[in-house]
Amino acid sequence: MSTSSDQSAAQAPAEAPQEPAFRYTPALAQEIELRWQDRWEERGTFHAANPVGELKGPGGADASGSPYYIMDMFPYPSGAGLHVGHPLGFIATDVVGRFRRMRGDNVLHTMGFDAFGLPAEQYAVQTGEHPRLVTERNIVTYKRQLRRAGLAHDPRRTFATIDPEYVRWTQWIFLQIFDSWYDAEAERPDGGKGRARRIAELREELAAGVRPVPGRDGDNAGGAVWHGLSEAEQRDVLDSQRLAYVDESPVNWAPGLGTVLANEEVTADGRSERGNFPVFQKSLRQWKMRITAYADRLTDDLALIDWPEKVKAMQRNWIGRSTGATVRFDVVGTGEADAAGAAQTVEVFTTRPDTLFGATFMVVAPEHPLLDEVPAAWPEGTQDAWTGGYATPVEAVAAYRREAAAKTAVERQADAGKKTGVFSGHLAVNPVTGTPVPVFTADYVLMGYGTGAIMAVPGGDERDFAFAAAYDLPVVHTVAPEGGLPEGFEGAWTGDGVVVNSPATDVPAGAPADAPVLNGKDVAAAKAEMISWLEAHGVGEGTTTYRLRDWLFSRQRYWGEPFPIVWDEQDRPVAIPASMLPVDLPDVPDYAPRTFDPDDADSSPEAPLGRNDEWVEVTLDLGDGPKRYRRDTNTMPNWAGSCWYYLRYLDPTDGTNGDTVVDPELERYWLGPRHNATSGPAGGVDLYVGGVEHAVLHLLYARFWHKVLYDLGYVTAVEPFGKLFNQGYIQAYAFTDARGAYVPAAEVEGDEQTGWTWDGQPVEREYGKMGKSLKNVVTPDEMYEQYGADTFRVYEMSMGPLDLSRPWNTRDVVGSQRFLQRLWRNVVDEETGEVTVTDEPASTETLRVVHRAIADVTAEMEGMRPNTAIAKLITLNNHLTGLERVPREAIEPLVLMTAPVAPHIAEELWARLGHTDSLAHEPFPTADERYLVEDTVTCVVQVQGKVRGRVEVPPSISDADLEAAALAEPNVVKAIDGRPVRKVIVRAPKLVNVVV
RNA sequence: GCCCCGGUAGCCCAACUGGCAGAGGCAUCCGACUCAAACUCGGAGUGUUGCGGGUUCGACUCCCGCCCGGGGUACCA
């Protein structure tokens, strides 16, 4: 027990008797804070008024002012509780909200809980306690800790994602998605093409023959094909088109977690983001959401929203749109083998169709179907290096496929750059040169991207060049920089330039007579021309591909939303009607998912909900009489609840609507496009603050759901979150002893200069996260007790810019405490408790300081820079501290301006200054221009860019007068030293630079 | 490898469109108060702005090349 902060805290009670009775001590701060928190709650001070419905403002007030919707990424209430890093963003939004409220906005700010998920389930498994009990208990703790921070939330709008009334709507939205398909040609209200439509409309159009039946051949004129299908087949067709659909495909299976996962939840090295378990590809029948239908809109609409470039880039990369062309290569020899005479083709995707003349070989992924049949013998011209030492292509390909399949993602990654592969024995014809080129298989081509096959252009692609070098394949450069490739250039030219060798001067025999001539063109023009040629000859077309895959939506866990789906006797999915929602979680004998050896790739998932037969097997009347059904036993992923909570805050009671997720009028008011002066064309939440770790998970999924709801007409905002802000993290120092074991950070003594010791022994300092195992956790509760919530808030906000991560340092907190103590003393006599403020007018000098501060604080607050705003408040406060008597007209603006960061002490001082109403809705002070102008300005005079003198001048001085004054200044004259003046730069009124 | 952010006093951090390197806090030192100290008040010091070039009358700021720290991403055709 030896750090300075611990001492000061320990001393407080011991010294209390000697302390003035009305000093702003932690104990007094605590008393004030608890009292005001109760008052705010009783008075409904932070009730946000809806324009319609039962939710009114304080005292039943109607909505007034400009709507401003501010939101935090809601927390998952873990059992570990909060540490001082967690509330950083919550306090920041609170400061912004309180500021905006004082500026007259109708501020909506509240907080909910993301409460389904793994930790509660795992804890329940360990203790046998139901996850709901665990979660609800944690929520109580979180609410207490957050309330104690003095957050100005509307308490009427809070909820948790596990609440049955909330689950009901999560399931309802699922049903809307299930009941939709994507019509890529349909026009949207915003003028774009492509939107979700009701599945019934698809059925009608198929029956009417308006469109072909997907997946079925034949002319559907008059609905001929459709009506030729059985009812069951028709259902299969419709089910396959839904935005929420079930299909069998390779998915991410994590045996150690006992569930399947979305691509977004798997790390680059093939492990689960949660728990870090190995993930295997396994073909399983699972629920998916057709997020790929929205790939273009999810990319394009990023341009409409005010988000950090970094997050936009991460989403763009994740969606991975790339434009280019597909090109079909005829496979030599397959034509004769085919009785119909139709040759087999391999389709490749390329972003560089302009380089087709340089495609000297092809590569297909090891899983590519072309390899299912390969020639029995090596064709003529096969080089030894290509065969892998095998006697036939059949053996070589089989061996390579085995090898590739056995490779884990980690091994693949480790081998990246090293090129391995084998010749498949197939030859394919380059459509523009007519030349047969060898088809290789290699694991640097991935089955999951594009077509799983590439045309290899070693002259224009680093990877292809590396492969060509390893297997002695020809290199043709088809693009050269201005002035040609450097002498002796070896490698791939990936830069821009002019097309060459397209075609080459010695045109090979067999080349099509009308092959395009691209030589001399720039890359962009060549691409366009090649694409038209490919399309004209039916051997390819312009194509766009995406990295994004459909969202795997089912999980085999207990603690999540059940699917509102039952399966009928034919094993086809049937939606539970909205009137029967929510579908509650059943009680089961064991919450634990069936988990397996983490490396057991052959295991299969087993859903815990399946353990309650009485729940699974049901008889329901879904409109055609009672029938037997089997419930879907999957649960939704954790992300479902967070996909739409911003809508629930607007309309949390179901009071204004019974049949849609949010009252349309409320949605328009709070979220609609341009709902206030700063809202953009896409609308959405005005300020959404959270960590950057959700950049491609929550934020992508929520955008997707929102766009479906938009298409279906439930919302008018194009995007859910108009402005996003990523706060930094509060990091902490941890200390290790000689053995490398962590020692309690709070007990370490020393500093940067003297070094660090614990218990007399030297220790090493490291920097990183706050965590129990690192023994460096500091909790908000400790801060409330040792300093009070206001001091804690001021410290967190003054540590640095919000978007930067910085180290927590308990011993610095005292600076914030002293600021508030001085502020207190500027109003209240510590001995008597009397208000000492005078009603005499303030001096002009003081008014200047006050109005300067008002102007500066306002600018800093508007720019979301509470750290510099606080610095300005301290400057003003320090000025007032030096006065004999503090004038009311100086202290009142300071108290008001302090309120957003330290609301409790501000309210208390405001009350002691004689005001009966809360200052929460009091107008933020405005600066009087008269006090912002100075009588004189100090003008700096430089000679050769170095400061040599100063002159006091009026701010309105002319350039000529200033120049004359500057050149007359004695030090300047000395510095010029008689040299001829070549030039004088005048920036009136602050600077003159003399060049000699 | 590539992309993004950061590097300013012992520490956390300011510095507008290129114009005096310093707003604020911590720590340190001096003074006042005190029998003495703590608290409080008043005052003070500290710099190769990560390094090397360039542009400019003038660079923390703009450009080029590196170094260090943090984050993201990676055979995506």
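Below, read A as the first sequence line, B as the second, and so on, with proteins coming before strands; counting in each chain starts at 1. Nothing here was measured: the structure is a model prediction, and the numbers come from that model.
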B:U48 to B:C75 separation - P atoms, rounded to the nearest Å: 44 Å

Taking only the P atom of each, what is the distance from B:U34 to B:G24 in whole angstrom? 29 Å

In whole Å, measure the gap between the C1' atoms of B:G19 and B:C26 for me. 31 Å

Please work out which of the three classes, parallel, tilted or perpendicular, describes the rings of A:Y733 and A:F735, given edges at 30° and 60°. tilted

Using the P atoms only, state how far B:C63 lies from B:G18, rounded to an integer number of Å. 10 Å

When you compare B:U73 with B:G65, how far apart are their P atoms, in angstrom units rounded to a whole number? 26 Å

To the nearest Å, give me how far apart CD (A:Q817) and P (B:G24) are. 20 Å

In this structure, how many angstroms lie between the C1' atom of B:C39 and the CZ atom of A:F819, rounded? 19 Å

When you measure only distances, ignoring hydrogens and angles, does the side chain of A:Q731 come within 3.5 Å of the base of B:G70 through a donor and an acceptor? no

B:C20 to B:A14 separation - C1' atoms, rounded to the nearest Å: 15 Å

Base, sugar-phosphate, or nothing: which does A:S322 touch, judged by heavy atoms less than 4.0 Å apart? sugar-phosphate

Nearest of B:U40, B:A74, B:A77 to any side-chain atom of A:T351? B:A77

Watson-Crick or G-U wobble partner of B:C2, both distances under 3.5 Å: B:G72

At under 4.0 Å, does any side-chain N or O of A:R987 touch on OP1 or OP2 of B:U17? no

When all nucleic acid strands are considered with a 4.0 Å heavy-atom cut-off, which category describes A:V457: base, sugar-phosphate, or nothing? nothing

Donor-acceptor pair present, A:K419 side chain and B:C75 base, under 3.5 Å: yes

Could you let me know what B:C29 is paired to, Watson-Crick or G-U wobble, both distances under 3.5 Å, or none if it's on its own? B:G43

If we take the C1' atom in both B:A27 and B:U56, what is their distance in whole Å? 39 Å

Using the C1' atom as the point on both nucleotides, what is the distance between B:C3 and B:G45, in whole Å? 43 Å

Any N/O donor-acceptor pair, A:R950 side-chain to B:C20 base, under 3.5 Å: yes

